[in-house]
Amino acid sequence: MPEAVQATKAIWDQNAAPRHRIQWCPGCGDYAVLNAVKAAVTSLELTPAELLLVAGIGCSGQIRNYLNGNAFYGTHGGALAYALGAKMANPELTVLVMAGDGDTLAIGIENFVHACRRDPDITLVLMNNGVYGLTKGQDSPSAGLGQPDWKPSEEHPPFIDPVEVALTCGATFIAQGFSGDPKHAAQLIVEGVRHRGFAVINDFSPCVTYNKVNTYDWFRAHVETVPASHDPSSKAAAWDLVRDFQRRGKLPTGIVYRAARAKGDGAKRLPTWPDELARADVEPLVKRLR
Amino acid sequence: MTVNQMKLLIGGVQLRDGVSTVADLVGRILTRAGLHVLGVERNFASTIYGAHQYDPLVVSARPLVSWGDRAIDVLAGLEYDSNPDAPQQPNRDTIRQHAGDLVDGGVLLYDSSGGPVETGALQARGVQVFAIPARDIALRELKKEVVKNLIMTGALFRLLEFDQDERWLRRFLEERFGRKGAAVVDLNLEAARRGRALVERILEDRRQSSVGYRIEAVRDAAPAVYVSGNEALSIGAIEAGVRFYAGYPITPASGILEYMETYLPGYGGRVLQGANERESIRAALGASVAGVLSMVGTSGPGLSLKVEEIGVSGTTETPLVIVDAMRAGPSTGMPTKAEQGDLTLVTGGGHGEIPRIVLAPSTIDECYTLMRDAVRLSDRYQCPVFFLTDLNLSEGRMTVPESVFRPGRASIARHVAAEHDVRGERYLRYRLTDSGISPRLIPGQRGGISKISSTEHDEFGFVTTDPAMRVAQMDKRMRKLHTYLREDAKAPQVYGEVGRGLTLVGWGGTKLALLDARERLRRDGIEAAVVHFTHLWPFPTHLAKPLLDTGGPVVVCEHNYFGQFADLIQAHCLVPTRRVLKYNGRTLYPSEVVRAVREVTHNGAVAVRLGGKDPVMVEVSIDA
């Protein structure tokens with residue numbers, strides 16, 4: 001790594017919990033996500049002040065304190081909705097949502113679905129491990145991946161594929177990565193942030209403690225790079241790709257779908273400071289009541 | 001002859017008969033003519049079409065007159081069909097439900113297109129009945145059914161001897177329909193003339209020129225507007241600097257969402273209709289994190305869903321104004337009826353403890369004036385500020401002098417840190433301070449970063465469970481309440497002299513009834529003061545106790561079962577309270593307050609429950 005880049009990268013270690021305070025299990029996929037995010041924000045040449053990390057609840061959400069940058073941490077399932085409001089208020093912020101599969105696909109699925117529809121210019125890194133790690137290993141909505149013998153029932157329904165949900169609901173950038181390849185994940189995050197619209201990056205991040213099925217080795221055996229021939233701008237091609245990989249029991253890594261943003265990019269920062277608010281005269285509002 | 005002091009009631013079939021159209025037209029025109037109109041007792045159903053709807057309007061030459069009692073002087077029934085085969089249909093409900101409230105000598109005007117209604121008993125006690133076939137004329141002669149509303153309005157104006165030269169109505173119609181062309185204005189004016197003529201003919205037949213009620217335009221009256229509480233508070237919020245509003249459709253707060261959607265973008269703001277109650281408050285919190293003054297509006301059921309986020313606002317110290325337009329609960333309750341049942345929820349709702357401020361305007365003009373405080377306090381104290389209205393205040397309308405609105409005022413002064421404020425020392429989002437208020441850099445500003453956390457945190461914002469830091473942070477947050485009580489809490493409004501007799505205590509929308517009751521009690525020789533609270537929480541003990549701890553009976557009047565505010569008074573002032581409680585979905589009538597006071601003073605009642613099958617239910621206890 002060139003020296004200059006290394007120096008900039010060090011910025012992201014400031015204002016962060018020291019490495020020995022990181023509370024992830026040794027080998028957790030989230031370390032790779034952290035490295036990928038740091039690499040991405042470094043190569044995007046962002047400053048910590050202009051970054052807003054909105055974290056979900058779960059092991060994944062701890063990431064907000066493991067790197068520099070503004071962060072917001074609220075309720076379980078709420079991250080995308082906070083992020084939506086923050087981005088609407090100040091489009092100049094780079095808003096990165098870091099949330100797990102429980103947060104995004106169970107308690108927060110309502111926000112995931114509507115964020116796809118609303119298509120705000122924010123990036124979601126869905127740190128997907130198939131379990132509720134922080135509460136010691138209960139099934140999440142993505143549990144069941146890689147288990148062809150899974151017998152669906154009311155108690156244990158089949159897993160949700162966030163890529164399919166995102167394609168159905170209107171997200172305009174959909175990609176999939178894997179913690180075994182953080183460099184690639186970093187590229188996806190860079191692309192996601194650069195994309196003008198809602199970017200969903202489903203990043204498989206193995207839980208080494210509670211998920212004995214979807215291990216690094218399992219993922220290595222099942223991920224397959226999206227072929228160069230794939231046209232991500234075509235939704236039909238994206239669906240074909242998803243179905244083709246499903247048929248073959250594989251997981252595509254790379255950009256599955258990327259559409260030009262339909263709406264304009266003219267969003268402005270909302271009036272915040274006294275000089276911006278001073279011009280508000282409500283007389284026309286009173287007049288209308290006459 | 002009664003001039004410029006009367007209660008009208010306009011009723012009809014919801015959506016079909018244009019009850020709110022006529023009521024608002026009358027309210028607006030009379031307001032322009034210099035009168036004061038109070039239309040807060042709006043009664044509509046939680047369905048769209050077909051139910052009975054009515055709007056009582058009190059007209060007066062004086063401001064801030066109460067809505068009075070049930071008694072009405074002039075009743076206008078806009079529904080036209082009498083259907084003997086289906087008497088349960090609400091097609092004559094105006095007469096059926098309200099004619100009994102007409103005073104002797106009062107006036108009944110109704111649309112007789114579907115046939116006449118039996119009114120012999122009413123006429124026997126002096127009620128003057130005017131049956132005019134408004135819909136028939138609209139359909140047959142004017143070829144447009146909707147102008148029946150103007151026929152009825154014209155008839156009403158003639159009965160009240162108002163606007164004989166059409167001046168006010170013409171101007172109003174020209175402004176409202178001018179865009180649609182002169183023909184539309186003329187058609188509506190013609191309809192009003194027909195209504196006038198019909199009444200004129202009946203009066204001539206009866207050799208009468210007047211019904212004993214008259215409305216006269218007030219000369220040189222200060223300009224005023226006829227405004228709803230939702231509109232007034234929205235204007236107040238926009239003026240104070242709110243630029244992000246989020247809501248989810250819910251009666252009676254939807255009016256705020258609609259108003260904001262129409263007007264806030266014109267001030268550079270954005271409005272989000274959330275996919276649900278939680279998305280709306282979360283987005284509003286996100287916008288607030290990004291530095292924008294932010295507000296949500298909802299009613300009880302929506303607030304219950306938002307409770308988790310109230311804790312987020314409190315512990316992350318993210319400012320937010322939360323309007324709760326209260327309606328009758330619990331659960332879905334009575335969606336179109338007012339109540340004051342959410343006080344306990346807003347003062348204590350949620351797990352754990354947070355600093356929060358609760359304000360409640362008592363009249364529609366205060367919806368505007370107090371909102372500025374709500375926005376300012378949320379920004380200064382970085383906590384949730386609740387703004388409690390109720391269905392009557394929110395959806396009701398009142399004449400408010402334009403001088404109350406003070407256009408041209410700057411927004412509130414923002415309480416956020418700038419880069420130079422945090423230079424020299426490490427910026428700590430949750431710095432321990434004497435006031436409890438920490439410096440707040442907005443993400444995006446240089447000078448530091450904010451780790452904003454709903455998990456307990458240290459000064460920087462990192463997670464901690466360290467006992468000492470936990471206590472320090474909890475105490476810091478709660479110190480904001482002390483700072484608020486010392487520097488910003490406002491004393492209750494006092495009418496009359498406390499300590500000379502009994503004290504009537506209220507909060508929120510009951511004030512006008514209490515003031516009316518006080519006048520009536522004085523006329524009966526009973527000395528009473530009214531102490532009305534707008535700053536409810538944290539309870540301003542130091543301001544309230546001297547007013548309430550005077551030895552005389554303290555009678556707290558509110559719209560809920562338990563006496564939620566009375567509980568606060570007892571807990572904080574250590575003063576016993578007597579309670580007047582009404583939770584039947586209808587407004588508090590001054591006569592009920594007077595009667596309840598008698599029960600308290602003569603019969604030793606500790607609680608008086610109003611508005612059930614028996615008009616008064618009294619509880620006596622020895623421990624009060």
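In the text below, chain A, chain B and the rest are named by the order of the sequence lines, each starting its count at 1. Nothing here was measured: the structure is a model prediction, and the numbers come from that model.
Contacts between Leu93(A) and chain B at a heavy-atom distance below 4.5 Å involve the side chain alone, from C-beta outward. Heavy atoms closer than 4.5 Å to chain B are found in the side chain of Leu53(A), but not in its backbone. Contact of Ile281(B) with chain A is not made at all, since no heavy-atom distance falls under 4.5 Å. Proximity to chain A is limited to the side chain of Thr316(B), based on heavy atoms less than 4.5 angstrom apart. The contact between Arg28(B) and chain A is made entirely by side chain atoms (from C-beta outward), counting heavy-atom distances below 4.5 Å. For Arg429(B), no part lies near chain A; criterion is any non-hydrogen pair under 4.5 Å. For a residue to count as touching a neighbouring chain, one of its non-hydrogen atoms must lie under 4.5 Å from one of that chain's; by this rule Glu283(A) touches chain B with backbone and side chain alike. Interface residue Thr455(B): backbone and side-chain heavy atoms are both found under 4.5 Å from chain A. At a 4.5 Å heavy-atom cutoff, the contact between Val292(B) and chain A is made by backbone and side-chain atoms alike. With a 4.5 Å cut-off on non-hydrogen atoms, Ala284(B) does not touch chain A at all. When heavy atoms are compared at a cutoff of 4.5 Å, Tyr226(B) approaches chain A solely by way of its backbone atoms N, CA, C and O. With a 4.5 angstrom heavy-atom cutoff, Ala280(A) touches chain B via backbone and side-chain atoms both. Looking at Arg288(A), the atoms closer than 4.5 Å to chain B (heavy atoms on both sides) sit in the backbone and in the side chain alike. Using a 4.5 Å cut-off between heavy atoms, Ala79(A) does not touch chain B at all. For Arg243(B), the parts sitting under 4.5 Å from any heavy atom of chain A are the backbone and the side chain alike. Heavy-atom distances place the side chain of Tyr259(B), and not its backbone, under 4.5 Å from chain A.
Contact of the Tyr427(B) side chain with the Ser450(B) side chain is registered, since non-hydrogen atoms from C-beta on lie closer than 4.5 Å. Inter-residue side-chain proximity for Pro439(B) and Arg431(B) is flagged as met; some heavy-atom pair is nearer than 4.5 Å. Considering only heavy atoms from C-beta on, Pro162(A) comes within 4.5 Å of Leu105(A) through its side chain. Side-chain contact check for Phe405(B) versus Val225(B): some heavy-atom pair is nearer than 4.5 Å. When side chains are defined from C-beta on, Ile442(B) counts as touching Trp273(A), because their heavy atoms get closer than 4.5 Å. Between Tyr263(B) and Leu285(A) there is a side-chain heavy-atom pair separated by less than 4.5 Å. Contact annotation: the side chain of Thr31(B) never approaches that of Arg397(B) to less than 4.5 Å [non-hydrogen atoms, C-beta and beyond]. In this structure the side chain of Leu289(A) reaches within 4.5 angstrom of the side chain of Ile235(B), judged on heavy atoms.
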Donor-acceptor pairs under 3.5 angstrom involving side-chain atoms of residues 18-30 of chain A: please list them, not counting sequence neighbours.
{"residue": "Trp24(A)", "atom": "NE1", "partner": "Cys59(A)", "partner atom": "O", "Å": "2.9"}
{"residue": "Asp30(A)", "atom": "OD1", "partner": "Ser205(A)", "partner atom": "OG", "Å": "2.6"}

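Side-chain atoms of Thr465(B) and Glu456(B) form no donor-acceptor pair, as typed in the model, at a separation below 3.5 Å. Judged purely by distance below 3.5 Å, without hydrogens or angles, the side chains of Ser294(B) and Ser288(B) never pair a donor atom with an acceptor atom. One side chain, Glu239(B) or Tyr368(B), offers a donor N or O that lies under 3.5 Å from an acceptor on the other. Side-chain atoms of Asp458(B) and Thr464(B) include no donor-acceptor pair closer than 3.5 Å.
The choice from Arg446(B), Arg409(B), Arg278(B) that makes the most heavy-atom pairs within less than 4.5 Å of chain A is Arg278(B). Here Ala290(B) is the residue among Ala410(B), Pro223(B), Ala290(B), Ala246(B) with the most heavy-atom pairs under 4.5 Å with chain A. For the set Glu50(A), Gln62(A), His114(A), the count of heavy-atom pairs under 4.5 angstrom toward chain B peaks at His114(A). Heavy-atom pairs under 4.5 Å with chain A were tallied for Arg32(B), His457(B), Glu402(B), Arg426(B); the largest tally goes to Glu402(B). Contact count versus chain A (heavy atoms, under 4.5 Å) is highest, among Arg406(B), Lys451(B), Gln445(B), for Lys451(B). Counting heavy-atom pairs closer than 4.5 Å to chain B, the top-ranked of the candidates Glu110(A), His76(A), Glu92(A) is Glu110(A). Ranked by heavy-atom pairs under 4.5 Å with chain B, the first of Gly74(A), Ala89(A), Gly69(A) is Gly69(A). Chosen from Gly266(B), Gly444(B), Gly268(B), Pro443(B), the residue pairing most often with chain A at heavy-atom distances under 4.5 Å is Pro443(B). Per-residue heavy-atom pair counts under 4.5 Å with chain B were compared for Val54(A), Val286(A), Thr94(A), Val95(A), and the maximum is reached by Val286(A). Highest contact tally toward chain B, considering only Pro274(A), Ala278(A), Gly77(A), Gly78(A), is held by Gly78(A) [criterion: heavy-atom pairs under 4.5 Å]. Interface remark: of the candidates Asn68(A), Ile57(A), Thr47(A), Asn68(A) forms the most heavy-atom pairs closer than 4.5 Å to chain B. Ranked by heavy-atom pairs under 4.5 Å with chain A, the first of Leu293(B), Leu272(B), Thr315(B) is Leu272(B).
At least one cation-pi condition fails for Arg194(A) and Phe173(A): the charged atom is not both under 6.0 angstrom from the six-membered ring centre and inside a 45 degree cone around its axis.
With rounding to the nearest 0.5 Å, the separation of CD1 in Ile107(A) from OG1 in Thr75(A) is 7.5 Å. Summarising the geometry, atom CG belonging to Leu320(B) is positioned 9.0 Å from atom CD1 belonging to Ile310(B); distances are rounded to the nearest 0.5 Å. To the nearest 0.5 Å, atoms CG (Leu52(A)) and CD1 (Ile452(B)) are separated by 7.0 Å.
Between Arg118(A) and Glu279(B), at least one side-chain N (NZ, or NE/NH1/NH2) sits under 4.0 Å from a carboxylate O, which counts as a salt bridge. Look at Arg290(A) and Glu175(B) and you find no salt bridge, because none of the NZ, NE, NH1 or NH2 atoms lies under 4.0 Å from a carboxylate O. One finds a salt bridge joining Arg282(B) and Glu309(B) here, because a Lys/Arg side-chain nitrogen approaches an Asp/Glu carboxylate oxygen to under 4.0 Å.
Proximity to chain A among residues 411-420 of chain B is limited to Ser411(B), Arg414(B), Val416(B), judged by heavy-atom separations below 4.5 angstrom.
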